Amino acid sequence: MDMVNQYEIYWIVLDPTIGSEISKIRPCLVISPNESNQHLNTVLVAPITSTIRNFPMRINITLENKNGQIALDQIRCVDKIRLKNRIDILSNKDIQKVKNILKIYLID
């Protein structure tokens, strides 16, 4: 597989899952840094869902002309084998939203 970059969106096979984990083949945002993506066989991703919820750790986006949300409450590590086609790259505006929410959600 070619280099996977932070803030790219890929179709990713999330099954098998357990319990309340988001499942199926769905778009996911790569959030792991490029240095990790270059050297590891795994990437940290946040699934994108069409189920809109009013959660503070969700970011509204439009992807392929459909409304969805980046689910930063469902971050997981996946092997690059699960990655399929690249769909898009997140906009700079949405990258800033991701960074701000991750900082609040995981650090502050």
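Source: prediction; values computed, not measured.
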**Asked** Roughly how far, to the nearest 0.5 Å, is CG of Leu29 from CD of Gln6?
**Response** 8.5 Å

**Request:** Supply the atom-to-atom distance Arg82 CZ to Ile12 CD1, rounded to the nearest 0.5 angstrom.
**Result:** 9.0 Å

**Request:** Taking all non-hydrogen atoms of both residues into account, name the closest pair between Lys99 and Tyr7 and its distance.
**Result:** CE-OH, 3.4 Å

**Prompt:** Do Val13 and Val43 belong together in a cluster built from hydrophobic side chains that touch within less than 4.5 Å?
**Reply:** no

**Message:** Under the criterion side chain to side chain contact (heavy atoms under 4.5 Å, CB included), I'd like the reasoning laid out for Val45 against Tyr10: C-alpha separation, chi angles, the key distance, then a yes or no.
**Reply:** CA-CA 9 Å; Val45 300; Tyr10 285 83; over 6 Å; no

**Request:** Let me see the working for Val78 and Cys28 under side chain to side chain contact (heavy atoms under 4.5 Å, CB included), right down to the final yes or no.
**Result:** CA-CA 11 Å; Val78 298; Cys28 294; over 6 Å; no

**Request:** Supply the atom-to-atom distance Thr49 OG1 to Ile70 CD1, rounded to the nearest 0.5 angstrom.
**Result:** 11.5 Å

**Message:** Can you confirm whether Asp108 is buried at CG, in the sense that more than 12 heavy atoms of other residues, nucleotides or ligands lie under 6.0 Å from that atom?
**Reply:** yes

**Item:** Same apolar cluster: Ile59 and Phe55, side chain cutoff 4.5 Å
**Value:** yes

**Request:** Compare every heavy atom of Arg76 with every heavy atom of Pro16, then report the nearest pair and how far apart it is.
**Result:** O-NH2, 4.3 Å

**Asked** Does Asn67 use its side chain to pair, donor to acceptor, with the backbone of Thr62 at less than 3.5 Å?
**Response** no

**Nearest atoms (heavy-atom pairs only) where Pro47 meets Gln74** = CD-O, 3.2 Å

**Message:** What verdict does the side chain to side chain contact (heavy atoms under 4.5 Å, CB included) test give for Asn34 and Met3, after you've listed the backbone C-alpha separation in whole Å, the side-chain angles of each residue and the deciding distance to 0.1 Å?
**Reply:** CA-CA 9 Å; Asn34 288 338; Met3 174 65 180; 3.9 Å; yes

**Item:** side chain to side chain contact (heavy atoms under 4.5 Å, CB included) between Ile48 and Arg26, intermediate numbers included
**Value:** CA-CA 7 Å; Ile48 297 172; Arg26 69 174 62 243; 5.9 Å; no

**Asked** Taking a hydrophobic cluster as the set of Ile, Leu, Val, Met, Phe, Trp and Tyr residues connected by side-chain heavy atoms closer than 4.5 Å, whether directly or through intermediates, do Ile104 and Leu102 fall within one such cluster?
**Response** no

**Prompt:** Would Lys97 and Asp94 pass as an ion pair if we require N to O under 4.0 Å?
**Reply:** yes

**Item:** Distance-minimising heavy-atom pair for Ser32 and Leu44
**Value:** OG-N, 3.1 Å

**Asked** Mind checking whether Ile87 and Glu64 have side chains closer than 4.5 Å, heavy atoms only?
**Response** yes

**Asked** To the nearest 0.5 Å, how far apart are CG in Leu90 and CD1 in Ile31?
**Response** 11.0 Å

**Message:** Is there a continuous path of hydrophobic side-chain contacts, each under 4.5 Å between heavy atoms, that joins Val30 to Leu40?
**Reply:** no

**Interatomic distance, Leu63 atom CG to Ile9 atom CD1 [nearest 0.5 angstrom]** = 5.0 Å

**Request:** State yes or no: do Val98 and Ile89 share one hydrophobic cluster built from I, L, V, M, F, W and Y residues joined by side-chain heavy-atom distances below 4.5 Å, directly or via other members?
**Result:** no

**Request:** Look at atom CG of Leu106 and say whether more than 12 heavy atoms of other residues, nucleotides or ligands are closer to it than 6.0 Å.
**Result:** yes

**Message:** On a heavy-atom basis, which atom in Ile22 and which in Thr17 lie closest, and how many Å separate them?
**Reply:** O-CG2, 3.4 Å

**Prompt:** Which atom names give the shortest non-hydrogen contact between Arg58 and Ile101, and what distance separates them?
**Reply:** O-CD1, 4.2 Å

